Asker: 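If you scroll down you'll find the structure; I have some questions about it.
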Amino acid sequence: MSGALTCSAADLSPLLGPNATAAAEYICGQLGTVNNKFTDAAYAIDNTYLLFSAYLVFAMQLGFAMLCAGSVRAKNTMNIMLTNVLDAAAGGLFYYLFGYAFAFGESSNGFIGRHNFGLKDFPTLTSDYSFFLYQWAFAIAAAGITSGSIAERTKFVAYLIYSSFLTGFVYPVVSHWFWSSDGWASPFRSEDRLFGTGAIDFAGSGVVHMVGGIAGLWGALIEGPRIGRFPDGGHAIALRGHSASLVVLGTFLLWFGWYGFNPGSFTKILIPYHSGSNYGQWSGIGRTAVTTTLSGCTAALTTLFGKRLISGHWNVTDVCNGLLGGFAAITAGCSVVDPWAAIVCGFVASLVLIGCNKLAELLKYDDPLEAAQLHGGCGAWGLIFVGLFAKEKYVNEVYGASPGRHYGLLMGGGGKLLGAQLVQIIVIVGWVSATMGTLFFILKKLDLLRISEHDEMQGMDIARHGGFAYIYHDNDDESIQFPRVPGSPIARAPNSPAV
């Protein structure tokens, strides 16, 4: 704890007269006890803050589940909900056994961690159980992103395999590179930082969002589009999700959880920047919450009017995705930029998302949740944004002032930070493509990736999970025959509204 009380009996005794030594030892002992209480309180406050942030990030899994459920057709609802549960469950076990050690195991080399498998020799001097829980919540968020890209057509066993591999190996290696003090591109390194500064990805535009988005990109590319999305290789047909209400509910839950995702990434709150003042890390945390909010809000409004000009509709699903795109983009630089810059970030993120969606349609790429476009495209923009707008004062506060520490190009800091950000984009795309792309290719060759055409048309809930999530009807699917409803004179007509 900085600013700890110190007391020396030798220094104090000359001031106390008779029995000075005993009096000085007593006074110093009492001051030492008080100092220890302050230190204990500081650790307790910081750990409580991190645990609360971990709970918020974990609550995002419910947001992902609701968003995914609303974005798929009703006949696949139970399937996508189950995959979200298993992302958390399988991710928890594999991150405990392998992932945390690969990401933060002490001490390690620049490429991968090598210690603390199964949390052996844990806690350490620098990490406690609250830190593990927080990082696990991040790992399963990356896996949840990927599940959206390959929704409605993927075998259940493929979900289990890719989720375990992603949370146990692929994601942890990337987080080690950029978040561990040993990582080769980490800004936390004490020396030999990439381009003298390291890549700044505060809460994971690249580490979490790009990893999940690029993994989903390869899964969707290798599987191919859903049946009916591009009939006969022609124009795209919208296979709309069945519940805008669930999409909005999931979006608000994710918004709420993002206040643990971004501000929580400080991991500690009780750190003064200037002793005795009202300005400290708590101020940086508040600023981070503000920049996160402004970027998401700006992206939502830009998407609202942008899609209105393009399609002629005020589409709530598009607005929700735009909002999340703004959050994904600001995640890298939320702690090191001014609020006005966050508005720029959100505005451009919306344009990136709209452009990526248009490109995906032209290339006949099918992603039911726009996960690769949103998390991959907006995440990459977020990394570039940091290289342009990171402010010197905030960079030094968050990462420590040291010679050679660079900041944003447009803020007068030169181009070295931007160069480090571009390197991060390249290596993440390369690493995830080499690992997850290969995995999805192998799963396809082993016939473990995509369900049969019959099961896809019928719906995965009835084909693989024993029944429907609720009574429904998809307008694009005339293959399902509904039984007579008890108490009703006739069965529901094929094109009647969903119950």
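Keep in mind that what you see is a predicted model, and the values were worked out from it rather than measured.
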Asker: Check whether any side-chain heavy atom of F261 sits under 4.5 Å from a side-chain heavy atom of F138, and report yes or no.
Answerer: yes
Asker: Under 3.5 Å, is there a donor-acceptor pair between the side chain of D201 and the main chain of G204?
Answerer: yes
Asker: Establish, yes or no, whether a centroid distance under 6.0 Å links the rings of W381 and H375.
Answerer: no
Asker: Which pair of non-hydrogen atoms, one from T288 and one from P263, has the smallest distance, and what is that distance?
Answerer: CG2-N, 3.7 Å
Asker: Is E223 paired with R450 through a side-chain N to carboxylate O contact shorter than 4.0 Å?
Answerer: no
Asker: Just jot down the side-chain contact (heavy atoms from CB on, under 4.5 Å) partners of I269, sequence neighbours excluded, or say none.
Answerer: I45, D46, Y49, W282, I285
Asker: Would you say T154's side chain and A151's backbone share a donor-acceptor pair under 3.5 angstrom?
Answerer: no
Asker: Should the pair R287 and Y394 be classed as cation-pi, given the thresholds of under 6.0 Å to the six-membered ring centre and 45° from the axis?
Answerer: yes
Asker: Tell me whether the centres of the aromatic rings in F111 and W431 are closer together than 6.0 Å.
Answerer: yes
Asker: Begin with the C-alpha distance, continue with both residues' side-chain angles, and end with the deciding distance and a verdict on side-chain contact (heavy atoms from CB on, under 4.5 Å) for K75 and I462.
Answerer: CA-CA 7 Å; K75 63 183 179 182; I462 190 65; over 6 Å; no
Asker: Out of F102, Y100, F104, which residue meets the ring pair (Phe, Tyr, Trp, His ring centres under 6.0 Å) rule with F117?
Answerer: F102
Asker: Check whether any side-chain heavy atom of V174 sits under 4.5 Å from a side-chain heavy atom of I428, and report yes or no.
Answerer: yes
Asker: Set out, in order, the CA-CA distance, both residues' side-chain angles and the distance that settles side-chain contact (heavy atoms from CB on, under 4.5 Å) for Q135 and W179, then state yes or no.
Answerer: CA-CA 11 Å; Q135 295 301 332; W179 287 347; 3.9 Å; yes
Asker: Please assess F58 against W136 for the test ring-ring contact (aromatic ring centres under 6.0 Å, His included), listing each intermediate value before the final yes or no.
Answerer: CA-CA 9 Å; F58 178 70; W136 159 71; 5.3 Å; yes
Asker: Going through the checks in order, is the side-chain contact (heavy atoms from CB on, under 4.5 Å) test met by F64 and T83?
Answerer: CA-CA 11 Å; F64 279 125; T83 62; over 6 Å; no
Asker: Are Y171 and V208 packed together at the side-chain level, in the sense that at least one heavy-atom pair is separated by less than 4.5 angstrom?
Answerer: yes
Asker: Using atom types as modelled and distance alone, determine if a side-chain donor or acceptor of D461 lies under 3.5 Å from a backbone N or O of H465.
Answerer: no
Asker: side-chain contact (heavy atoms from CB on, under 4.5 Å) for C345 and V337? Distances and angles first, verdict last.
Answerer: CA-CA 10 Å; C345 179; V337 300; over 6 Å; no
Asker: Is it the case that more than 12 heavy atoms not belonging to F169 sit under 6.0 Å from its CZ atom?
Answerer: yes
Asker: Taking the side chain from D128 and the backbone from S130, do they hold a donor-acceptor pair closer than 3.5 Å?
Answerer: no
Asker: Check whether any side-chain heavy atom of F52 lies under 4.5 Å from a side-chain heavy atom of T48, and answer yes or no.
Answerer: no
Asker: Can you measure from CD1 (I150) to CG (L221) and round to the nearest 0.5 angstrom?
Answerer: 12.0 Å
Asker: Do F305 and W314 have ring centroids that are under 6.0 Å from one another?
Answerer: yes
Asker: Any donor and acceptor pair, going by atom type alone, linking the side chain of N315 with main-chain N or O of D318 inside 3.5 Å?
Answerer: yes
Asker: Between E456 (side chain) and I227 (backbone), is there a donor-acceptor pair under 3.5 Å?
Answerer: yes
Asker: Should W255 and L324 count as side-chain neighbours, where that means a heavy-atom distance under 4.5 Å?
Answerer: no
Asker: Using side-chain hydrogen bond (donor to acceptor under 3.5 Å, both in side chains), reason through W258 and T331 one step at a time and then give a plain yes or no.
Answerer: CA-CA 9 Å; W258 233 292; T331 295; 3.1 Å; yes
Asker: If you look at every heavy atom in G228 and P231, which pair is closest and at what distance?
Answerer: O-CD, 3.5 Å
Asker: For a quick test of reading the model, state the closest non-hydrogen atom pair linking S53 to Y134 and the distance between them.
Answerer: CB-CE1, 3.7 Å
Asker: Which heavy atom of A143 sits nearest to which heavy atom of L166, and what is that distance?
Answerer: CA-CD2, 3.5 Å
Asker: Over all heavy atoms of both residues, which pair between A103 and S180 is shortest? Give the atoms and the distance, please.
Answerer: O-CB, 3.6 Å
Asker: Nearest 0.5 Å, what's the CE-CD1 distance between M457 and I451?
Answerer: 11.0 Å
Asker: Is Y259 reaching over with its side chain to a backbone N or O of T292, donor-acceptor style, under 3.5 angstrom?
Answerer: no
Asker: At what distance, to the nearest 0.5 angstrom, does CG of L67 lie from CE of M60?
Answerer: 10.5 Å
Asker: Say whether, by atom type as modelled, one donor and one acceptor occur between the side chain of S71 and the main chain of C68 under 3.5 angstrom.
Answerer: no
Asker: Can you list the steps and then say if W177 with S186 is a side-chain hydrogen bond (donor to acceptor under 3.5 Å, both in side chains)?
Answerer: CA-CA 6 Å; W177 292 349; S186 173; over 6 Å; no
Asker: State, with a plain yes or no, whether a side-chain heavy atom of L439 is found less than 4.5 Å away from one of T435.
Answerer: no
Asker: Go through the structure and list residues passing side chain to side chain donor-acceptor pair (under 3.5 Å) with S175, not counting sequence neighbours.
Answerer: none
Asker: Mind checking the CD1-CZ spacing from I237 to R226? Nearest 0.5 Å is all I need.
Answerer: 12.0 Å
Asker: Does a side-chain heavy-atom distance below 4.5 Å link V336 with K391?
Answerer: no
Asker: What do you reckon, is OH of Y129 surrounded by more than 12 foreign heavy atoms closer than 6.0 Å?
Answerer: yes
Asker: If you round to the nearest 0.5 Å, how far is OG1 of T77 from NE2 of H242?
Answerer: 4.0 Å
Asker: Is the shortest side-chain heavy-atom distance between S127 and F132 below 4.5 Å?
Answerer: no
Asker: Report yes or no: does S350 contribute a side-chain atom to a donor-acceptor pair with the main-chain N or O of T303 at less than 3.5 Å?
Answerer: yes
Asker: If you look at every heavy atom in E370 and N321, which pair is closest and at what distance?
Answerer: OE1-ND2, 3.1 Å
Asker: Rounded to the nearest 0.5 Å, what separation is found between the CG atom of L323 and the SG atom of C297?
Answerer: 6.5 Å
Asker: Using modelled atom types and a 3.5 Å cut-off, is there a donor and acceptor pairing between side-chain atoms of S295 and backbone atoms of I343?
Answerer: no
